[in-house]
Amino acid sequence: MSTPDLKARIAAQFGGSERHTIEVPEWAGDDGKPAVFTFTKATIGQIAEARRLADNDPVKFDVRLICLKLCDAEGQRVFAMTDWLWISENMDPMICGRLSRAIGGELAEESAEALEKN
């Protein structure tokens with residue numbers, strides 16, 4: 001098996017460029033429709049960056065991951081990295097954990113559980 005072939009199969013399996021959608025009914029607009037966000041799966045590099053920025057704190061990790069990856073319907077980031085403190089003081093921990101798990105998958109599971117306990 002050639003290296004380019006293997007790399008192509010690895011990238012295809014990961015599907016990192018595929019855009020996913022998540023609804024947050026708690027943030028419904030005046031029309032009663034849930035807020036809708038999009039994201040692509042977090043890469044290993046993005047997860048490492050979020051952990052580094054969070055000083056390996058599992059709760060801060062979720063917030064940093066949301067800052068890095070959560071987008072609006074058009075694919076534009078919703079939060080800047082500088083919004084992390086505002087998010088930590090204003091976002092419902094259950095919603096933060098749900099968003100982080102959706103974006104980070106199993107790698108975010110541990111930090112999301114820690115966030116929900118606090």
Side-chain angles (χ1 to χ4, degrees):
M1 170 182 348
S2 73
T3 300
D5 181 49
L6 177 60
K7 287 180 178 178
R9 286 192 278 157
I10 290 169
Q13 179 275 324
F14 175 61
S17 62
E18 180 182 345
R19 189 151 293 283
H20 302 275
T21 301
I22 187 166
E23 294 183 350
V24 181
E26 297 89 342
W27 298 343
D30 293 337
D31 59 3
K33 293 181 182 177
V36 178
F37 300 97
T38 65
F39 61 92
T40 55
K41 287 183 186 177
T43 66
I44 293 169
Q46 290 167 330
I47 289 170
E49 176 71 1
R51 284 192 174 146
R52 183 187 68 75
L53 291 169
D55 298 322
N56 288 319
D57 178 308
V59 176
K60 290 179 185 175
F61 168 78
D62 285 339
V63 175
R64 295 293 193 165
L65 192 59
I66 289 168
C67 288
L68 278 170
K69 300 296 293 178
L70 193 67
C71 296
D72 62 19
E74 288 76 42
Q76 299 299 308
R77 279 182 37 193
V78 175
F79 299 109
M81 289 307 291
T82 55
D83 290 327
W84 75 271
L85 185 58
W86 183 90
I87 292 169
S88 358
E89 294 174 348
N90 292 282
M91 187 180 287
D92 181 326
M94 297 296 284
I95 295 171
C96 186
R98 189 176 348 142
L99 292 171
S100 179
R101 276 193 301 271
I103 295 167
E106 291 178 21
L107 294 172
E109 191 73 31
E110 177 184 315
S111 58
E113 288 172 4
L115 180 67
E116 290 172 0
K117 287 179 186 175
N118 295 323

NZ-CH2 distance between Lys60 and Trp84, expressed to the nearest 0.5 angstrom:
5.0 Å
Reported CG-to-CD1 distance for the pair Leu99 and Ile87, which is rounded to 0.5 angstrom:
9.5 Å
Look up atom CZ in Arg64 and atom CZ in Arg51, then write down how far apart they are to the nearest 0.5 Å.
14.5 Å
Would you say Pro25 and Lys33 make side-chain contact, with heavy atoms under 4.5 Å?
no
Backbone N/O of Trp86 and side chain of Asp83: donor-acceptor pair under 3.5 Å
no
Can you name the closest pair of heavy atoms from Asp62 and Cys96 and give their distance?
CB-SG, 3.9 Å
With Phe37 via ring pair (Phe, Tyr, Trp, His ring centres under 6.0 Å) - residues at least two apart
Trp27
When you compare the side chain of Leu68 with that of Met81, does any pair of heavy atoms fall below 4.5 Å?
yes
Take Met91 and Ile66, measure what side chain to side chain contact (heavy atoms under 4.5 Å, CB included) needs, and give me the verdict at the end.
CA-CA 11 Å; Met91 187 180 287; Ile66 289 168; 4.2 Å; yes
Charged N to carboxylate O under 4.0 angstrom, Glu26 versus Arg98?
yes
Find the distance between OG1 (Thr3) and CD1 (Ile10) and round it off to the nearest 0.5 Å.
9.5 Å
Interatomic spacing from CG in Asp72 to CG in Leu70 - rounded to 0.5 Å:
9.0 Å
Does Phe61 belong to the same Ile/Leu/Val/Met/Phe/Trp/Tyr cluster as Leu85, with side-chain heavy atoms less than 4.5 Å apart forming each link?
yes
Tell me whether Asp30 at atom CG has more than 12 heavy atoms from other residues, nucleotides or ligands lying less than 6.0 Å away.
no
Look at the side chain of Asp55 and the backbone N and O of Asp57, then say whether any donor-acceptor pair between them is shorter than 3.5 Å.
no
Between SG on residue Cys67 and CZ on residue Phe79, distance to nearest 0.5 Å
7.0 Å
Can you see which heavy atom on Gln46 is nearest to which on Lys41, and at what distance?
OE1-O, 3.9 Å
Out of Thr43, Ile103, Thr38, Ile47, which one pairs with Lys69 under the side chain to side chain contact (heavy atoms under 4.5 Å, CB included) rule?
Ile103
